[in-house]
Amino acid sequence: MAHAHESNTKRIWIVLGILSALTTVEVALGIVKPASLHLTSFLGTSPLNWIFIILTLVKAYYIAWAFMHLEGEKKWFRRSIVWSAVFLICYLVTLILIEGGYLHSTLAPLVKW
């Protein structure tokens, strides 16, 4: 029994639009750098950095959801993939922020930031 070929052109354009909108928000925030988000501290770094981290995770999840066809998989298989990746990325981000804070405090007397 053959499956009918269906066009995913509309879906591809929707995915492109959503990813483009998220990227535009990231780029705009990176260019403007609002002082209220950039010069304050929240959980070890600026809220602007947290916004970048969260938007990047959302884009990565959406890419996996759309292009790796995770929406058609069983619920627990999706969760095992997504939660493993989210845990590992959060762990990596935590380590990078801790090491970055240490390097900044150690090298601050030696380097003009």
Side-chain angles (χ1 to χ4, degrees):
M1 185 181 213
H3 295 285
H5 177 72
E6 58 185 63
S7 176
N8 288 323
T9 306
K10 181 180 176 184
R11 184 166 185 260
I12 291 171
W13 282 108
I14 291 171
V15 170
L16 176 70
I18 291 171
L19 292 175
S20 296
L22 290 173
T23 303
T24 303
V25 168
E26 283 183 335
V27 170
L29 285 173
I31 291 172
V32 174
K33 281 189 184 177
S36 61
L37 295 175
H38 180 59
L39 299 177
T40 58
S41 182
F42 177 72
L43 293 176
T45 188
S46 71
L48 186 62
N49 284 347
W50 285 114
I51 291 171
F52 288 146
I53 291 167
I54 291 168
L55 286 176
T56 302
L57 287 173
V58 167
K59 286 193 319 186
Y61 176 78
Y62 192 67
I63 288 169
W65 183 264
F67 294 119
M68 293 175 63
H69 307 289
L70 287 180
E71 73 272 10
E73 297 294 339
K74 294 188 184 258
K75 180 171 72 170
W76 286 105
F77 182 66
R78 274 194 322 249
R79 286 184 180 175
S80 68
I81 292 171
V82 170
W83 288 112
S84 299
V86 167
F87 171 75
L88 291 173
I89 291 170
C90 289
Y91 183 65
L92 176 67
V93 167
T94 302
L95 291 178
I96 288 172
L97 290 174
I98 290 170
E99 289 296 320
Y102 171 75
L103 285 175
H104 186 305
S105 64
T106 304
L107 298 176
L110 305 172
V111 178
K112 183 177 179 181
W113 302 99

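Since the model is a prediction, treat every value here as computed from it, not as a measurement.
To the nearest 0.5 Å, the span separating CG on Leu16 from CD1 on Ile12 amounts to 9.5 Å. Remark: Ile98 CD1 to Leu103 CG distance equals 12.0 Å, nearest 0.5 Å. Here the CG atom belonging to Asn49 is positioned 11.0 Å from the CD1 atom belonging to Ile54, to the nearest 0.5 angstrom. Leu37 CG to Leu29 CG: the interatomic distance, rounded to the nearest 0.5 Å, is 7.0 Å. Within the model, atoms OH of Tyr102 and NE2 of His104 stand 14.0 Å from one another, a figure rounded to the nearest 0.5 Å.
The stretch residues 85-104 participates, sequence neighbours left out, in no salt bridge (Lys or Arg N to Asp or Glu O under 4.0 Å) pair at all. Counting only residues at least two apart or on different chains, the salt bridge (Lys or Arg N to Asp or Glu O under 4.0 Å) pairs with a member in residues 40-65 are Glu26-Lys59.
One hydrophobic cluster, built from ILVMFWY side chains closer than 4.5 Å, cannot hold both Trp65 and Ile63; they sit in different ones. Taking hydrophobic clusters as Ile, Leu, Val, Met, Phe, Trp and Tyr residues chained together by side-chain heavy-atom distances below 4.5 Å, Phe67 shares a cluster with Ile14. Residues Leu19 and Ile53 do not share a hydrophobic cluster, defined by chaining ILVMFWY side chains whose heavy atoms lie under 4.5 Å apart. By the rule that hydrophobic residues join a cluster once side-chain heavy atoms approach within less than 4.5 Å of another member, Leu48 and Val32 end up as members of separate clusters.
Partner of Phe77 under the side chain to side chain contact (heavy atoms under 4.5 Å, CB included) criterion, chosen from Lys75, Arg79, Glu73: Glu73.
Inter-residue side-chain proximity for Val58 and Tyr61 is flagged as unmet; no heavy-atom pair is nearer than 4.5 Å. Contact annotation: the side chain of Trp50 approaches that of Leu97 to within less than 4.5 Å [non-hydrogen atoms, C-beta and beyond]. Counting only heavy atoms from C-beta outward, the side chains of Tyr62 and Leu22 never approach each other to under 4.5 Å.
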Taking only distance into account, with no hydrogens and no angle test, what donor-acceptor pairs under 3.5 Å do side-chain atoms of residues 81-94 form with protein atoms, sequence neighbours excluded?
residue : atom : partner : partner atom : Å
Ser84   : OG   : Ser80   : O            : 2.6
Thr94   : OG1  : Cys90   : O            : 2.8

